[in-house]
2 protein chains.
Amino acid sequence: MVQAQTLSRNQQIVLDIIEKAKGPLKAYSILFNVQKKGINAPQQIYRALDKLIEMGKIHKIESKNAFVACRNSDCEISKATAFSICESCEMVDEISDVKLSKYLSSFNHKKGMKFKRFNLEFFGICKKCK
Amino acid sequence: MVQAQTLSRNQQIVLDIIEKAKGPLKAYSILFNVQKKGINAPQQIYRALDKLIEMGKIHKIESKNAFVACRNSDCEISKATAFSICESCEMVDEISDVKLSKYLSSFNHKKGMKFKRFNLEFFGICKKCK
DNA sequence: TTAAAAATGTTATATTATAACAAACGTTAC
DNA sequence: GTAACGTTTGTTATAATATAACATTTTTAA
């Protein structure tokens, strides 16, 4: 089961780092950042990441194997995620667009498969990098 | 530059295996399957995979680190890809839906980023697995 | 036909992620 | 309180995924 409120010590440490970061963080870069706090092994990071994802506190950017804090209350436990990714500076921005979200949530596959969840990643060059 | 027609020997071997497969294949499972053909190193697989992706012959399923053959002429060199993924049997189906593709291709981020490419992955339980 | 580009072969290593097990902590039911 | 249970932690080891670097061969195009 997923706790709604309280985070464990390691979960809180990992979430703090991800929330403070300007961009997506990789598991091992999180690890190197928390070694001073007594976390020494990848397992400890991955376990915290897994729980934080379950809770909807963070998302994994699949194309980058990296993690970002959730900035969007609409994605309710990561059922409907969309990101804008700059191929130059690696910036990732979570897209919260109700229309998009509704459109995709109600999209049904011709072959009769009912979807429970989707993840959408857009790629381009951001304004800054242009 | 990307060749339009001809594939090199290794590229053809890798593509053949992916096209014959019923589901997505992982790089190392491709490697094990082609060792009898004289391909011995991961590099050789990854190089072929990279080129095949550039050419639009295959796609990478990011959430699975696996590769499928392109079944969709509409995705023109992988600028607009969408997949339906069964969380039970791991089946992956490429979605070719012109409306969806047009809708997403013309979607523009509020923050002024122009997108060049997108990848969408839907998850659910397929008909067979229900 | 020769120079440039692409592909190959190979060894080594980097990066990402999980398995397995023992110990400590936190609930909750009694 | 304390026993029983689930969750979290710590730890060691290893699996799985992917790239670096360099020498050679093949293909293409000028």
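Chain identifiers are assigned alphabetically (A, B, ...) following the order of the sequence lines, protein sequences preceding nucleic acid strands; residue numbering begins at 1 within each chain.
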Item checked: A:Gln11 side chain reached by A:Lys57 side chain, heavy atoms, under 4.5 Å -> no
Item checked: Results of salt bridge (charged side-chain N to carboxylate O under 4.0 Å, His left out) for A:Glu19 - residues two or more places apart only -> none
Margin query: Heavy atoms only, 4.0 Å cut-off, all strands: where does B:Arg9 land among base, sugar-phosphate and nothing?
Written below: sugar-phosphate
Notebook entry, point to check: Does a nitrogen or oxygen in the side chain of B:Asn40 sit under 4.0 Å from OP1 or OP2 of C:dT11?
Noted result: no
Checklist line | salt bridge (charged side-chain N to carboxylate O under 4.0 Å, His left out) pairs, two or more places apart, involving residues 39-49 of chain B | finding: none
Notebook entry, point to check: Between B:Leu31 (CG) and D:dT19 (P), how many Å, whole number?
Noted result: 15 Å
Next item on the list: Going 5' to 3' through nucleotides 12-19 of chain C, assign each nucleotide B (protein heavy atom under 4.0 Å from a base atom), S (under 4.0 Å only from sugar-phosphate atoms) or - (no protein heavy atom that close).
Entry: ----BBBB
Next item on the list: Specify the separation, in whole Å, of atom CD of A:Gln44 and atom C1' of D:dA13.
Entry: 14 Å
Item checked: salt bridge (charged side-chain N to carboxylate O under 4.0 Å, His left out) against B:Lys64, all qualifying residues, sequence neighbours excluded -> B:Glu90
Check: To the nearest Å, how far apart are A:Ile13 CD1 and D:dG10 C1'?
Finding: 13 Å
Item checked: Members besides B:Ile61 in its Ile/Leu/Val/Met/Phe/Trp/Tyr cluster (side-chain heavy atoms under 4.5 Å) -> B:Val68, B:Phe83, B:Ile85, B:Val92, B:Phe123
Note to self: Is the phosphate of C:dA6 approached by B:Lys51 (side-chain N or O, under 4.0 Å from OP1 or OP2)?
What the structure shows: no
Check: Between atom CD in A:Gln11 and atom P in C:dC25, what is the gap in whole Å?
Finding: 16 Å
Note to self: What is the separation between atom CG on B:Leu52 and atom C1' on C:dA6, rounded to the nearest whole Å?
What the structure shows: 14 Å
Next item on the list: Take the protein atom CD of A:Gln12 and the nucleotide atom P of D:dT7, then report the distance between them rounded to whole Å.
Entry: 20 Å
Notebook entry, point to check: Can you name the side-chain contact (heavy atoms from CB on, under 4.5 Å) partners of A:Lys130, sequence neighbours left out?
Noted result: A:Ile125, B:Lys114
Next item on the list: Can you run down the ring pair (Phe, Tyr, Trp, His ring centres under 6.0 Å) pairs that involve residues 9-35 of chain A, sequence neighbours left out, and say none if there aren't any?
Entry: none
Note to self: Rounded to whole Å, please give me the gap between CD in B:Glu62 and C1' in D:dT17.
What the structure shows: 12 Å
Next item on the list: Please report, rounded to the nearest Å, how far the C1' atom of D:dG10 is from the CG atom of A:Asn10.
Entry: 9 Å
Margin query: So for the helix from C:dT1-D:dA30 to C:dC30-D:dG1, with five pairs setting each end axis, what is the inter-axis angle to 10°?
Written below: 40°
Check: At their closest point, which heavy atom of A:Ala48 faces which heavy atom of A:Val14, and how far apart are they?
Finding: CB-CG2, 3.8 Å
Next item on the list: Can you sort out the partners of A:Lys20 under side-chain contact (heavy atoms from CB on, under 4.5 Å), two or more places apart, ordered by chain and number?
Entry: A:Asp16
Notebook entry, point to check: Between B:Ser8 and D:dT27, is there a side-chain N or O to OP1/OP2 distance below 4.0 Å?
Noted result: no
Checklist line | Nucleotide of D:dG10, C:dT11, D:dC22 approaching B:Arg47 most closely (side-chain heavy atoms) | finding: D:dC22
